[in-house]
There are 2 protein chains.
Amino acid sequence: MNAETEKLKLARDEFVAQWGALGSQWGINRTMAQIHALLMTAPEPLTTDEVMEELEISRGNAHSNLKELVAWGLLRSVVKKGERRDFFEAEKDVWQIFTIVARERKRREIEPALAILHKCAEVSEGIETPEGKAFHDQMRALEDFVGFASKMSDRISSMKHGFALQLATKLLG
Amino acid sequence: MNAETEKLKLARDEFVAQWGALGSQWGINRTMAQIHALLMTAPEPLTTDEVMEELEISRGNAHSNLKELVAWGLLRSVVKKGERRDFFEAEKDVWQIFTIVARERKRREIEPALAILHKCAEVSEGIETPEGKAFHDQMRALEDFVGFASKMSDRISSMKHGFALQLATKLLG
DNA sequence: CACGTTTTTCAGTAAATACTGAAAATTAAG
DNA sequence: CTTAATTTTCAGTATTTACTGAAAAACGTG
């Protein structure tokens, strides 16, 4: 292996390791983030066994995290002609990755929050004590804000990359 | 206790419990989210002992999570005249809460990611193999996007609530 | 359908994270 | 300085979450 290939391997290993560590900060588990990093920087789709070997993890672990990533839409499973095994490839387009993550976070974080806030605003409607009014108002304010953020997220996610960029540039200017 | 007060207590307990459960989905621990919910809906600042009693948690637990929330800027510790104990009150303004959370997430999630991406783009600069070029390009694309998102976050967070709302409304219209 | 290959499941275990409770440190007031 | 109130620390423990490895199921081929 020549010097350049060696250098690339080191950089890529670094990326995989660090991206995995970052995953913990986000709600994502380390292995899942590592697999994502590995496949985002893989020239070709990989099999489960290749992922297992590269990251030194068990089959069960590789399998469940690959499935999870496919469920998110961050990976696709592809079939190669004359091959029985599944291959996995990552979505590499940054705007696509962003919209997928935004949509998933909305589903898992925003929508449940909205449901709670709505219910609490509902049941505290019409309580006449000052404390009751304050609670109700606080729930409504939170509900309105989160609902608004949710709509924003949808709008931006459904934009074409170029349009979002143009709009954002205007915002930053 | 009359019917209305009872109803409010139930609604508030529900909110605290559910907000805590949601916390897990985010990277935040359950107790921290519960304390935040409790104080966001408290008519008056509370002491550590009151938080302990309300949530049935230990002193150590209450203490460390209160400190963490103060560090985030989501709680303030206030002194009452003639009282030795610390009281804690929550920031209740939704726009303030949003900017605090956005700033903290940026610091903990975006900035470390940027550092990694920048370093990996750096060290893979100039590798002449196709794989090296592809890796470098991917790192740059990610770095650019994340850097851009970071700037956007700053801009929006530093806006006045009214202005952000107005701008967003235009965006949604 | 029988057999090798690949995927999926899951009970048991390991690792990471959060919590308790009591002791130590700090603070304020006489 | 002494004492009592309060805050902080932290070793030990509990809980949650993630991982392993092997067995079972599903798949595809002759």
Side-chain angles (χ1 to χ4, degrees), chain A residues 16-39 45-72 74-89 108-109, chain B residues 16-39 45-72 74-89 108-109:
Chain A
V16 170
Q18 298 283 6
W19 204 250
L22 255 185
S24 312
Q25 293 287 3
W26 300 54
I28 288 166
N29 88 45
R30 206 171 52 89
T31 304
M32 187 169 151
Q34 284 182 339
I35 294 178
H36 184 228
L38 182 71
L39 280 161
L46 302 183
T47 61
T48 301
D49 289 76
E50 288 168 324
V51 171
M52 285 166 62
E53 188 176 352
E54 192 71 44
L55 302 179
E56 302 180 43
I57 58 176
S58 73
R59 181 172 305 283
N61 194 11
H63 174 77
S64 60
N65 283 295
L66 284 165
K67 264 193 86 174
E68 184 81 3
L69 282 162
V70 170
W72 274 60
L74 289 170
L75 299 185
R76 277 177 295 274
S77 106
V78 298
V79 281
K80 285 202 179 182
K81 56 184 176 185
E83 275 281 7
R84 255 169 86 174
R85 294 170 299 174
D86 255 12
F87 287 72
F88 297 91
E89 74 176 1
R108 296 154 54 106
E109 301 179 355
Chain B
V16 170
Q18 298 283 6
W19 203 250
L22 254 185
S24 311
Q25 292 288 2
W26 300 53
I28 287 166
N29 87 46
R30 207 171 51 88
T31 304
M32 189 170 149
Q34 285 182 338
I35 295 178
H36 184 227
L38 182 71
L39 280 162
L46 303 182
T47 62
T48 301
D49 289 76
E50 287 168 322
V51 171
M52 286 167 61
E53 187 175 355
E54 191 73 41
L55 302 179
E56 301 181 43
I57 58 177
S58 72
R59 181 172 305 284
N61 193 12
H63 175 76
S64 60
N65 283 295
L66 283 165
K67 263 192 88 174
E68 184 79 4
L69 282 161
V70 170
W72 274 61
L74 289 170
L75 300 185
R76 277 178 295 274
S77 107
V78 298
V79 281
K80 286 202 177 180
K81 56 185 176 185
E83 275 281 6
R84 245 169 97 173
R85 294 170 298 173
D86 255 11
F87 286 74
F88 297 91
E89 74 177 359
R108 296 153 56 104
E109 301 178 357

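Numbered from 1 within each chain, the chains take letters A, B, ... in sequence-line order.
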To the nearest angstrom, how far is D49(A) atom CG from dT6(C) atom P?
8 Å

Residues S58(B) and M52(B): closest non-hydrogen pair is O-CG, 3.9 Å

The answer to which of K67(A) and R85(A) contacts DNA chain C further toward the 5' end, by nearest nucleotide, is R85(A)

Between H36(B) and W72(B), does the side-chain contact (heavy atoms from CB on, under 4.5 Å) criterion hold? Intermediate values first, please.
CA-CA 11 Å; H36(B) 184 227; W72(B) 274 61; over 6 Å; no

Quick one: closest heavy-atom pair of F88(B) and S77(B), and the distance?
CE2-CB, 3.8 Å

Shortest non-hydrogen contact from G20(A) toward Q34(A)
CA-CG, 3.6 Å

Ignoring hydrogens and angles, tell me if any N or O in the side chain of Q25(A) forms a donor-acceptor pair with the backbone of L22(A) under 3.5 Å.
no

I want to check one thing: is the phosphate of dT8(D), taken as OP1 and OP2, less than 4.0 Å away from some side-chain N or O of H63(B)?
yes

Go through the steps to decide whether T48(A) and D86(A) satisfy the test side-chain contact (heavy atoms from CB on, under 4.5 Å), and finish with yes or no.
CA-CA 7 Å; T48(A) 301; D86(A) 255 12; 5.5 Å; no

Starting at atom NZ of K80(A), determine the distance to atom P of dT6(C), rounded to an integer number of angstrom.
14 Å

Spell out, as yes or no, whether a donor-acceptor pair under 3.5 Å connects the side chain of E50(A) to the backbone of T47(A).
yes

Check: L39(B) and L66(B) side chains under 4.5 Å, non-hydrogen atoms:
yes

Does the protein touch nucleotides 10-30 of chain C at the base, only the backbone, or not at all? Give it as B, S and - per nucleotide, heavy atoms under 4.0 Å.
--------SSBB-----BS--

Under 4.0 Å, heavy atoms only, any strand: does D86(B) hit a base, just the sugar-phosphate, or nothing?
sugar-phosphate

State, to the nearest 10°, the angle formed by the axis through the first five base pairs of the helix from dC1(C)-dG30(D) to dG30(C)-dC1(D) and the axis through its last five.
20°

